[in-house]
Amino acid sequence: MSITVRVPAKVNVQLAVGPARPDGFHDLANVFLAVSLHDEVTATPADELRITCSGPDAGQVPLDRTNLAARAAELLAARHGIEPRVHLHIAKDIPVAGGMAGGSADGAGALLACDALWGTGASRAELLDICAELGSDVPFSLVGGAALGTGRGERLTELPVGGTFHWVFAVADGGLSTPAVYREFDRITPDAPAPAASPALLDALRTGDATALAGALANDLQPAALSLRPSLAATLEAGTRAGALAGLVSGSGPTTAFLVKDPESAESVAAALIASGTCRTARTAVSPAPGATVLTA
């Protein structure tokens, strides 16, 4: 018997970042939108905990206990007094180390797959509690759709979305360290104000107005990401020049996200980005997308 769970990538349509807290984290107003790029995590009984991975950039994915999928299995097993004897296979399609929460998605996917495989019967509240222990972005990977994350991003309020939004994601060579981006943010933004969600952005999501959403996109980490990876400015320029409504760095980067008006625009912007030579590849997607979902049992 095996269980396969599909789990989505995310884009931060707003990432408002406050000053560093005593625990090293930052208070956030983080508006998540799940998009239709997915990883799939398959859990199969095994003699011991084992992680394997296939797909684009699979060689960059850790296969030891530092992988959030492994940690998810261990935390769930510990809570229910069982051994985490499971083989977790991750079929990657979310860009690795790209600011789209691929690792967090795998943690949420593994948690849901192991819960189903072992019949632990964990409540949604328990699953979300484990997700929050795993990392700030992991609860949203479980929930999907759209949500406002506060605290360090783990406290979620689900948001209504009134339509479908079309995206192009430009995948850069190499990754960007999230802790390094936050350190650079602290350096260049010593007096960051308390974070707050944008009413205009929330209204654009609710009404499904892509033009209004484009005007409200914001990422407080973008200047820090551009400081560490100046080449991303050329990618942002190429995408907007090709007809995107707006572009921004996705999360801590280095993936850049472009909001476009329709599927035809998505294809043309993606082609232009690839032709520009400013990114490794470009992917199209739509949002919102469902959260972690069991596909097979």
Side-chain angles (χ1 to χ4, degrees), residues 8-17 29-37 94-102 137 146 161 163-176 178 181 184-185 188-189 197-198 200-202 204-205 208-289:
K10 60 82 179 169
V11 62
N12 305 95
V13 290
Q14 181 188 4
L15 181 49
V17 183
N30 194 353
V31 182
F32 295 103
L33 200 54
V35 302
S36 61
L37 299 177
I94 301 172
V96 176
M100 299 187 71
D137 287 347
V161 181
T164 299
F165 296 99
H166 300 271
W167 296 91
V168 178
F169 296 95
V171 182
D173 278 314
L176 263 179
T178 297
V181 173
E184 182 68 358
F185 169 83
I188 65 178
T189 320
S198 160
L201 183 137
L202 299 182
L205 284 177
D209 187 332
T211 301
L213 181 62
L217 295 178
N219 180 1
D220 286 355
L221 292 182
Q222 181 164 307
L226 290 173
S227 175
L228 296 176
R229 187 74 70 84
S231 60
L232 295 179
T235 314
L236 289 168
E237 182 183 356
T240 51
R241 189 172 60 241
L245 298 173
L248 81 169
V249 173
S250 179
S252 58
T255 299
T256 46
F258 298 91
L259 182 62
V260 296
K261 63 181 179 180
D262 53 35
E264 294 76 23
S265 299
E267 294 298 332
S268 65
V269 169
L273 280 163
I274 293 170
S276 75
T278 64
C279 60
R280 178 157 55 93
T281 189
R283 307 284 306 279
T284 63
V286 298
S287 62

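Values reported hereafter were calculated over all heavy atoms of this structure, with side chains retained and with hydrogens, waters and symmetry mates removed.
- Annotation: salt bridge (charged side-chain N to carboxylate O under 4.0 Å, His left out) contacts involving residues 236-252, sequence neighbours excluded, comprise Glu237-Arg241.
- Nearest heavy atom pair, residue Ile94 against residue Pro8, reads CD1-C, 3.8 Å.
- The shortest non-hydrogen separation linking Val161 to Ala146 is CG2-CB, 3.4 Å.
- For Phe258, there are no ring-ring contact (aromatic ring centres under 6.0 Å, His included) partners, not counting sequence neighbours.
- Side-chain contact between Val11 and Ser287 is absent, with no heavy atoms from C-beta onward closer than 4.5 Å.
- The line from CD of Gln222 to CG of Leu236 is 5.5 Å long, rounded to the nearest 0.5 Å.
- Taking the side chain to side chain contact (heavy atoms under 4.5 Å, CB included) definition, one finds that Ala204 meets it with Ala212, Leu213, sequence neighbours left out.
- Shown here are the side-chain hydrogen bond (donor to acceptor under 3.5 Å, both in side chains) partners of Thr235, two or more places apart in sequence or in another chain: there are none.
- Side-chain N/O atoms of Thr284 and Trp167 include no donor and acceptor closer than 3.5 Å.
- Residue pairs meeting the salt bridge (charged side-chain N to carboxylate O under 4.0 Å, His left out) criterion with at least one partner in residues 270-285, sequence neighbours excluded, are Asp57-Arg280, Asp93-Arg283, Asp173-Arg280.
- The shortest side-chain heavy-atom distance between Val35 and Val286 does not fall under the 4.5 Å cut-off.
- Residue pairs meeting the side chain to side chain donor-acceptor pair (under 3.5 Å) criterion with at least one member in residues 258-279, sequence neighbours excluded, are Asp262-Ser265, Ser276-Thr278.
- With hydrogens and angles disregarded, a donor-acceptor distance shorter than 3.5 Å links the side chain of Thr189 to the backbone of Phe185.
- Looking at every heavy atom in both residues, Pro95 comes nearest to Leu37 through CD-CD1, 4.4 Å.
- Contacts classified as salt bridge (charged side-chain N to carboxylate O under 4.0 Å, His left out) and involving residues 208-221 (residues at least two apart or in different chains) are not found.
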Using residues 243-257 as the side-chain source, report each donor-acceptor pair under 3.5 Å to any protein atom, sequence neighbours left out, with the distance given to one decimal.
from	atom 1	to	atom 2	distance (Å)
Ser250	OG	Gly99	O	3.0
Ser252	OG	Thr178	OG1	2.9
Thr255	OG1	Gly98	O	2.8

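- Residues passing the side-chain hydrogen bond (donor to acceptor under 3.5 Å, both in side chains) test with Asn12, sequence neighbours excluded: Lys10, Asn30.
- The minimum heavy-atom distance between Ala282 and Leu273, with the atom names listed, is CB-CB, 4.3 Å.
- Ala224 approaches Val181 most closely through the heavy-atom pair CB-O, 3.5 Å.
- Considering CG of Leu228 and CG of Leu221, their distance stands at 10.5 Å, rounded to 0.5 Å.
- Defined by atom type and a distance below 3.5 Å, a donor-acceptor pair is missing between the side-chain atoms of Ser198 and Gln14.
- Under the side-chain hydrogen bond (donor to acceptor under 3.5 Å, both in side chains) criterion, Thr240 pairs with no residue, sequence neighbours left out.
- Inter-residue side-chain proximity for Phe165 and Val13 is flagged as unmet; no heavy-atom pair is nearer than 4.5 Å.
- With sequence neighbours excluded, the residues satisfying side chain to side chain contact (heavy atoms under 4.5 Å, CB included) with Leu202 are Val31, Leu159, Ala197.
- Applying the side-chain hydrogen bond (donor to acceptor under 3.5 Å, both in side chains) criterion to Arg229, with sequence neighbours excluded, gives no partner residue.
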